[in-house]
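This report refers to the structure that appears directly beneath it.
Predicted model only: the values in this text are computed from it and were never measured. Order of the sequence lines fixes the chain letters, A, B, ..., with proteins taken first and strands second; residue numbering starts at 1 for each chain. Hydrogens, waters and symmetry mates play no part in the numbers below; they use all other heavy atoms, side chains included.
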Number of protein chains: 2
Amino acid sequence: MAATIKDIARVAGVSTATVSRVINNLGGYNEETEKKVMAVAKALGYRKNENARSLVQKSTNTIGVIMPDVTTAFYGDIIKGIEDTSYEHGYSVILTHAGSHGSRIHESMNLMGERRVDGLIIVSVELHETAIEALTSLGIPFILLSTKTNREDTPYIKVDDYSAAYTAVKYLIDNNHRSIGMAGANPDDSIAGSPRINGYTQALLDHGIKVDLNLIKPGGFSFESGKTAMQAFIEDEASITAVFCASDEVALGIMSTCFENEISVPNDISVVGYDNSKVSHMSIPPLTTVAQPLYEMGREGCLEVIAAIQNKCKIESKVIPHELVVRKSVKKLT
Amino acid sequence: MAATIKDIARVAGVSTATVSRVINNLGGYNEETEKKVMAVAKALGYRKNENARSLVQKSTNTIGVIMPDVTTAFYGDIIKGIEDTSYEHGYSVILTHAGSHGSRIHESMNLMGERRVDGLIIVSVELHETAIEALTSLGIPFILLSTKTNREDTPYIKVDDYSAAYTAVKYLIDNNHRSIGMAGANPDDSIAGSPRINGYTQALLDHGIKVDLNLIKPGGFSFESGKTAMQAFIEDEASITAVFCASDEVALGIMSTCFENEISVPNDISVVGYDNSKVSHMSIPPLTTVAQPLYEMGREGCLEVIAAIQNKCKIESKVIPHELVVRKSVKKLT
DNA sequence: ATGCGTAACGTAAACGTTTACGTAATACTC
DNA sequence: GAGTATTACGTAAACGTTTACGTTACGCAT
């Protein structure tokens with residue numbers, strides 16, 4: 001159906017080699033043939049076949065992205081960072097979900113392998129030993145974004161969750177809060193869960209505040225998780241004046257339940273989130289949150305794997321600085 | 001580097017044809033050879049090369065998705081719908097942005113063509129004549145989501161923006177609002193802009209309410225657009241009691257500026273949004289909005305193009321029903 | 001006249017599959 | 001025991017490119 005370089009060659013009366021040369025303008029032909037070939041190509045509506053090209057070149061100019069679930073604002077920014085920079089460098093991105101708890105991770109990686117992506121970016125998925133094996137066995141550059149493993153040979157870009165949580169909670173303490181809850185972190189999540197909990201508890205301890213385990217409401221990073229956490233606080237009649245949330249969406253859930261129960265944020269209770277995703281400045285009140293530079297993480301990670309693809313160099317792990325973005329959801333107590 | 005079927009064939013002492021047969025289990029071999037081949041494949045860490053496969057089969061099992069900007073919650077739901085169903089049917093999705101105003105649309109389509117995607121889904125991009133030409137010239141099934149063209153041969157799935165806007169505004173009128181603003185629609189956008197404005201004005205006219213052009217604040221679908229619209233209303237000292245927004249994010253922008261100016265939603269002013277994206281139930285107060293079934297649109301559109309790919313049938317355009325989701329951002333006036 | 005360099009191509013193999021077709025051996029039919 | 005199916009393969013072409021290598025023709029120096 002579609003025209004091939006053979007068709008062009010036949011019509012233009014040259015060889016396929018020459019056609020290939022002018023199309024990729026490699027030189028080695030005179031102006032006349034160039035014009036003729038180009039004209040024929042246009043006339044035939046030629047469009048090069050990247051797959052055939054990939055076959056012989058052993059590289060697909062494609063980078064794969066695996067994320068658990070694309071529905072949250074969190075991933076939107078990251079993927080935009082990835083897609084923008086891969087586009088700039090002539091790479092296409094092929095995307096797949098790893099399922100909500102990474103349930104599809106093996107199929108995903110297999111798919112990426114069969115598609116022969118040149119590099120791989122994995123976002124926020126917790127990888128277990130077998131997954132890591134499968135990943136490294138692909139033999140292509142990869143990087144983890146906003147996650148890591150306990151092995152040294154898996155490069156990642158992320159913030160230091162422990163100290164990010166620490167600064168968030170310290171900020172609350174500096175605002176004279178003493179009874180601070182925590183919501184939305186899963187203690188079994190050794191990457192993004194327990195470090196944040198540990199940062200939270202350590203900040204309390206360092207400032208002479210006893211840790212009350214009842215004030216830690218575990219859960220996922222979702223809006224609903226925040227809602228149920230706040231409901232639990234209310235049922236407990238907990239006397240908290242602030243809550244630190246493991247994600248912005250959790251914070252919105254907290255604030256939403258507060259609203260339903262006529263608890264004012266930040267007058268009755270202060271809230272700080274985590275991520276600085278797009279929703280954080282759209283909330284009412286605007287959310288004070290600790291920022292992960294999501295777009296930049298996507299961009300940076302993408303640049304790293306492209307560099308690794310092209311120069312065959314190792315990718316270094318990188319801990320990027322977090323930053324507290326102060327908005328209006330925290331009240332200074334007197 | 002990576003093992004091929006030739007390697008397997010050599011080691012297992014059979015032909016590549018046989019290897020191919022057992023790998024795709026097509027039958028035509030006995031159990032022993034099957035086991036041997038499988039064992040060798042495993043031992044060599046064989047992974048099939050989808051690109052080579054695509055070359056001879058003239059189909060890539062890939063569907064392309066083009067969207068203007070993936071950063072808003074709106075697209076998150078749609079793309080999840082697409083990815084889920086394409087995965088279920090054994091297709092991969094390759095994603096690209098068309099730039100903020102479709103500026104990259106030609107490059108995007110070209111890329112999809114060169115990758116030989118089997119089908120194409122275009123989300124929310126307004127297509128002009130040359131783009132439509134380029135699109136149809138690809139010769140593959142495609143569908144537009146949440147957008148359309150003025151030509152009949154470009155199938156789409158979308159809600160009826162005119163009547164969706166109409167019902168939203170009628171709902172406000174039924175709640176005794178008479179002075180109703182509109183924000184965030186671009187009148188030059190003939191797909192999602194002017195129809196919503198027309199629905200808005202017609203609803204007013206049908207209920208004997210004069211249309212005041214000063215109450216229509218044009219803009220984009222963004223949060224910022226909502227904020228500036230509300231600021232304009234305030235500067236105008238407009239006596240509106242409600243505002244209909246062209247998107248949920250615009251509505252959040254309106255509510256945000258209201259909050260800053262101590263205008264209470266819904267007590268002082270009622271707000272209704274558009275999309276029913278994830279943010280709409282996370283807002284304070286929860287947003288009454290007219291729902292586009294985003295996830296289902298993604299799923300449905302994906303199913304259509306897969307059906308078209310496999311059965312070579314035409315895709316029919318489909319106007320799907322909208323629905324008013326009543327939450328807490330509208331107050332009934334007495 | 002010889003040699004050499006170079007520009008402008010063409011030839012053909014290679015990439016990793018699939019698949020139409022051929023073939024040998026065995027089983028079955030009557 | 002001749003003919004016919006069937007099973008279980010192998011052969012080789014094809015998919016659309018790229019590219020190493022060969023070839024021609026010409027220009028130019030000696």
Side-chain angles (χ1 to χ4, degrees), chain A residues 1-38 40-41 44-62 90 110-111 113-118 138-140, chain B residues 1-38 40-41 44-62 90 111 113-118 138-139:
Chain A
M1 192 59 225
T4 74
I5 59 169
K6 288 183 187 172
D7 300 322
I8 299 179
R10 187 165 27 81
V11 175
V14 297
S15 74
T16 62
T18 298
V19 176
S20 176
R21 278 189 276 256
V22 352
I23 282 175
N24 300 310
N25 56 329
L26 303 175
Y29 45 81
N30 70 21
E31 255 184 74
E32 283 177 47
T33 28
E34 176 178 3
K35 290 197 170 147
K36 186 164 49 177
V37 167
M38 289 307 252
V40 174
L44 265 51
Y46 172 74
R47 199 184 310 270
K48 67 179 154 189
N49 185 324
E50 265 295 337
N51 290 315
R53 194 163 209 259
S54 299
L55 228 204
V56 17
Q57 292 195 150
K58 290 171 164 313
S59 122
T60 55
N61 285 339
T62 286
N110 205 35
L111 183 152
E114 293 179 357
R115 295 279 176 197
R116 293 293 194 274
V117 295
D118 291 339
L138 288 179
I140 56 172
Chain B
M1 191 59 224
T4 73
I5 59 169
K6 287 184 188 173
D7 299 324
I8 299 179
R10 187 165 28 79
V11 176
V14 297
S15 73
T16 61
T18 299
V19 176
S20 176
R21 279 189 275 258
V22 352
I23 282 175
N24 299 309
N25 54 330
L26 304 175
Y29 44 82
N30 69 23
E31 258 183 71
E32 284 176 45
T33 29
E34 176 178 2
K35 290 199 169 144
K36 187 164 49 179
V37 167
M38 289 306 255
V40 174
L44 266 52
Y46 173 74
R47 201 184 308 270
K48 66 180 155 188
N49 185 325
E50 266 294 338
N51 290 314
R53 193 162 210 260
S54 298
L55 229 205
V56 17
Q57 292 196 151
K58 292 172 164 309
S59 123
T60 55
N61 284 342
T62 285
L111 184 151
E114 292 179 358
R115 296 279 176 196
R116 294 292 194 273
V117 296
D118 291 339
L138 288 178

For a quick test of reading the model: is some side-chain N or O of B:Thr4 closer than 4.0 Å to OP1 or OP2 of C:dG16?
no
Per side chain to side chain contact (heavy atoms under 4.5 Å, CB included), A:Val19 is matched among A:Val11, A:Ile5, A:Asn24 by A:Ile5
Could you tell me how far apart A:Asn25 (CG) and D:dT18 (P) are, to the nearest whole angstrom?
12 Å
Does a side-chain N or O from A:Lys58 land closer than 4.0 Å to OP1 or OP2 of C:dA14, or not?
no
Among the candidates D:dT19, C:dT18, C:dG16, find the nucleotide nearest to the side-chain atoms of A:Ser20.
D:dT19
Whichever of B:Thr18 and A:Arg53 has the more 5' nearest nucleotide on DNA chain D, that residue is B:Thr18
Can you tell me how far P of D:dA14 sits from CD of B:Gln57, to the nearest Å?
18 Å
Is it true that a side-chain atom of B:Asn30 and a backbone atom of B:Thr33 form a donor plus acceptor pair closer than 3.5 Å?
yes
Side-chain N or O of A:Tyr46 less than 4.0 angstrom from OP1 or OP2 on D:dT17?
yes
Please compare B:Ala17 and A:Thr33 by the position of their nearest nucleotide in DNA chain C and report the one closer to 5'.
A:Thr33
Scan A:Lys6 against the nucleic acid and name what it touches under 4.0 Å (heavy atoms): base, sugar-phosphate only, or nothing.
base
To the nearest angstrom, how far is A:Asn30 atom CG from C:dA8 atom C1'?
7 Å
Would you say the side-chain atoms of B:Arg116 pair up with the backbone N or O of A:Lys48, donor to acceptor, closer than 3.5 Å?
yes
Which whole-number value in Å describes the distance from A:Lys48 NZ to D:dG16 P?
16 Å
Comparing B:Gly13 and B:Leu55 on DNA chain D - which has the more 5′ nearest nucleotide:
B:Gly13
Round to a whole Å and report the spacing from CZ of A:Arg21 to C1' of C:dA12.
13 Å
Have B:Asn61 and A:Arg115 got a donor and an acceptor in their side chains that come within less than 3.5 Å?
no
Which nucleotide in C:dG10, D:dG16, D:dT17 has an atom nearest any side-chain atom of A:Ile5:
D:dT17
How is A:Asn51 classified with respect to the nucleic acid when contacts are heavy atoms under 4.0 Å: base, sugar-phosphate, or nothing?
nothing
To the nearest Å, how far apart are A:Asn24 CG and D:dT17 C1'?
9 Å
If I take atom CG in residue B:Asn49 and atom C1' in nucleotide C:dA14, what distance separates them, rounded to the nearest angstrom?
14 Å
Separation of A:Asp7 atom CG from D:dG16 atom C1', in whole Å?
10 Å
Any donor-acceptor pair under 3.5 Å joining the side chain of B:Arg116 to the base of D:dG16?
no
For A:Glu32, is there an ion pair with A:Lys36 - N to carboxylate O distance below 4.0 angstrom?
no
